[in-house]
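Report on the structure given below.
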Amino acid sequence: MGKPFEIVVLSGKGGTGKTSITAAFAALTEKTVFTDCDVDAADLQLVLSPEVYKSESFTSGAKASIEREKCTGCGLCMELCRFDAISVKKEEFIIDEYACEGCGLCAEACPEKAIGIEKFENNRIFFANCRFGPVIYGKLGIAEENSGRLVSQIRQYAKETADTINAEYIITDGPPGIGCPAISSVTGSDLVIAVTEPTLSGWHDLNRLIEMTGRFRTPVYVIINKYDLNEDMSYTIENRLKSEGIQILGKIPYDESMIYALIEGKTICEFMPDGLLTREFEKMWNNLISIVYEQESIA
Amino acid sequence: MKIAITSGKGGTGKTTLSTGLFHILTKYFNYNVQLLDCDVEEPDCHIFIHGQKSASYPVSISIPRINPELCTYCGRCKDICAFHAIVMLPAVGFIEVVEDMCHGCGACSYVCRDQAVVEQNSMIGSITHYDYYAKDEFIEGRMNVGVSLQTRVIRETIDHANQKSLVLYDSPPGTSCPVVAVVSKADYVVMVTEPTPFGLYDLKLMTETVKQLGKKCGIVVNKAGLEYEPLYDYIRDQEITLLGEIPFKKEYARAYSKGEILPEKDDRLKKIYINIIKSIMNGKAV
Ligand code: SF4
Ligand code: SF4
Ligand code: SF4
Ligand code: SF4
């Protein structure tokens with residue numbers, strides 16, 4: 001196989017069991033590099049228990065600040081800032097660090113050169129190994145932005161790692177939502193698994209997710225988790241997806257052993273190797289592999 | 001008073017809690033209440049709260065366009081753009097703004113000396129007001145699909161809060177920029193978690209963020225009943241108020257899946273919600 005096949009697991013909102021499902025696949029596959037691109041809360045490590053051998057910092061953004069001694073209080077910066085980040089308090093111009101996007105316009109404009117822009121490197125990328133293979137994951141500094149770029153960088157490293165060990169797959173636990181980081185995780189990937197729950201909000205989130213991925217050519221397959229919590233809803237979701245030509249990869253029943261496996265730091269496939277859920281995951285994984293071969297033969 | 005309801009991760013019951021609290025406050029307390037759905041990527045409060053639509057406002061930013069006829073390819077705009085949104089290839093006479101990466105900061109048009117940059121409005125989302133009962137209001141911020149400027153839509157949504165009301169913010173999950181945009185504007189933060197290792201891990205990140213912002217906070221444990229002691233040990237260690245625990249029942253999950261307001265259906269839950277509100281109010285006088 002040439003270039004590794006990249007699978008991204010997404011869920012719209014998160015909390016749908018995305019990470020436990022990603023981990024279950026991890027236990028079934030071989031020759032795979034894993035990434036956790038849920039950079040806000042990289043939970044996959046709780047199950048994979050990776051051992052970090054290297055880490056590096058990653059630019060997280062920039063913030064402006066005003067040198068009080070130089071500022072004459074002309075007010076130009078406040079007038080120009082489009083993010084309402086500059087205000088006057090006690091006759092002093094100050095910048096709200098949480099509102100500032102670091103665009104640099106104020107620093108450029110200030111006639112007294114009183115404004116400095118400082119870059120931050122609060123984001124980190126970790127390189128690790130776990131019992132299923134290499135893991136690369138990121139951690140966003142608190143209140144930091146640029147998670148989209150962090151996600152792209154993690155994926156880039158995953159590809160490099162995959163090349164060096166001749167891996168066939170990259171499996172990514174994707175970021176929640178449909179914004180910048182989620183978009184960055186889908187761009188140029190080969191297949192998206194969308195995990196949903198049979199709830200009205202699950203269905204709404206899934207629709208927005210499918211709309212977002214529709215901008216790319218990446219095909220989407222859906223897993224309905226805890227489908228038996230509302231079988232009518234699951235049925236409706238299935239039918240609507242079918243009519244839109246989107247395939248269901250599988251349905252997983254509600255089962256507390258998913259949580260007990262997690263508490264022991266195991267994937268469900270390790271926790272109950274002969275369980276029904278494990279059978280279900282094996283079926284899905286085999287399906288996936290045939291989809292991958294089909295897709296590659298077309299390509 | 002402004003209360004942000006948030007969680008380290010989605011799916012912990014944050015929206016159930018904020019819509020439930022809103023409903024209970026409306027029915028059983030005497031405040032003027034506003035609920036703001038600030039989870040603009042996936043706004044879900046509307047599934048539970050059915051109000052009468054009263055107004056709608058677009059959220060837009062100014063996106064620059066560059067006129068190649070006027071451009072002299074001096075590169076000043078490209079150099080200042082902190083978001084690398086300008087692509088310039090002077091050799092082939094090409095210059096363009098990549099809309100997806102542009103934050104609409106206006107720096108490029110400020111530095112251009114040749115009047116080559118013209119700005120146009122581009123819609124990135126919308127804010128909709130709904131009346132709820134007689135005196136209360138539900139406001140939803142919604143980001144357009146494919147846009148990546150969630151923080152901007154959130155900030156504008158927050159600007160719609162009435163200073164005199166008791167305001168509930170349904171915050172996005174996580175600890176990054178969009179969450180901080182909400183939490184930094186709140187007087188009190190309710191963190192929702194669940195008794196699992198994921199829940200605990202996410203709660204720790206959330207607690208760190210909230211403490212860094214210097215906010216008062218309390219915790220609601222959702223889906224309580226699962227034996228997971230380390231969560232409770234952590235809450236005790238950190239000396240954070242446990243505002244309440246919402247038990248897990250399959251019926252609740254089913255009612256939720258249909259978009260029903262849980263505390264309205266079940267007296268035990270109603271009591272729990274009322275107690276949560278009372279504990280928050282005790283922590284901070286309104
Ligand atoms: S533009 Fe410069 S001098 Fe004028 S108020 Fe801002 S920081 Fe002060
Ligand atoms: S850097 Fe940009 S966002 Fe920050 S204060 Fe200056 S003008 Fe405003
Ligand atoms: S408006 Fe700001 S972000 Fe957009 S292209 Fe111009 S400089 Fe870059
Ligand atoms: S600053 Fe103006 S003239 Fe210079 S490259 Fe940009 S658009 Fe062209």
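Because the structure is predicted, anything quoted here is derived from the model rather than measured. Throughout, protein chains are lettered first and strands after them, A, B, ... in sequence-line order, and every chain is numbered starting at 1.
The most heavy-atom pairs under 4.5 Å with chain A, out of B:Cys81, B:Gly106, B:Ser62, come from B:Gly106. Options B:Ile61, B:Leu213, B:Val183, B:Leu200 differ in how many heavy-atom pairs under 4.5 Å they form with chain A, and the most are formed by B:Leu213. With respect to chain B, the highest number of heavy-atom pairs below 4.5 Å among A:Asn230, A:Leu262, A:Leu80, A:Thr19 belongs to A:Leu262. The candidate with the highest count of non-hydrogen atom pairs below 4.5 Å against chain A, out of B:Tyr201, B:Tyr228, B:Phe198, is B:Phe198. Among A:Gly265, A:Ala109, A:Gly202, the residue with the largest count of heavy-atom pairs under 4.5 Å with chain B is A:Ala109. Of the listed residues (A:Ile117, A:Leu105, A:Leu200, A:Asp43), the one with the most heavy-atom contacts under 4.5 Å to chain B is A:Asp43.
Shortest non-hydrogen contact noted between B:Ala82 and A:Cys103 is CB-O, 3.7 Å. Nearest approach of A:Phe83 to B:Arg152, heavy atoms of both residues: CE2-NH2, 2.6 Å.
The environment of A:Phe216 atom CZ is dense: over 12 non-hydrogen atoms of other residues, nucleotides or ligands sit within 6.0 angstrom. The number of heavy-atom neighbours closer than 6.0 Å to NZ of A:Lys139, taken from other residues, nucleotides and ligands shown, is above 12. When the shell of 6.0 Å around NZ of B:Lys215 is examined, it contains more than 12 heavy atoms from other residues, nucleotides or ligands.
The CG atom of A:Asp84 sits 7.0 Å away from atom CG of B:Asp159, with the distance rounded to the nearest 0.5 Å. Between A:His204 atom NE2 and B:Asp44 atom CG the span is 7.0 Å, to the nearest 0.5 Å. Here the CG atom belonging to B:Asn144 is positioned 9.0 Å from the CD1 atom belonging to A:Ile178, to the nearest 0.5 angstrom. Note that SG of B:Cys177 and CG of A:Leu140 are 9.0 Å apart. Values are rounded to the nearest 0.5 Å.
At least one side-chain heavy atom of A:Glu108 sits under 4.5 Å from a side-chain heavy atom of B:Arg76. Residues A:Ile259 and B:Glu194 form no side-chain contact, since every pair of their non-hydrogen atoms from C-beta on lies 4.5 Å or further apart.
Contacts of A:Ala99 with chain B are made by both backbone and side-chain atoms, with heavy-atom separations under 4.5 Å. Residue contact with chain B, scored on non-hydrogen atoms closer than 4.5 Å, involves the side chain of A:Gln45 exclusively. In this structure, chain A has a heavy atom under 4.5 Å from the side chain of B:Gln150, while its backbone stays farther away. Proximity to chain B is absent for every atom of A:Val39, based on heavy atoms less than 4.5 angstrom apart. In this structure, the portion of A:Met233 lying under 4.5 Å from any heavy atom of chain B is its side chain and not its backbone.
Checked by atom type and distance alone, the side chain of A:Arg208 pairs as donor or acceptor with a backbone atom of B:Glu41 at under 3.5 Å.
Under a 4.0 Å N-O distance rule, the pair A:Arg82/B:Glu119 qualifies as a salt bridge.
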Practice item. Could you go through the side chain to side chain contact (heavy atoms under 4.5 Å, CB included) check for B:Thr196 and A:Ile263 one step at a time? Key: CA-CA 7 Å; B:Thr196 66; A:Ile263 290 176; 5.6 Å; no

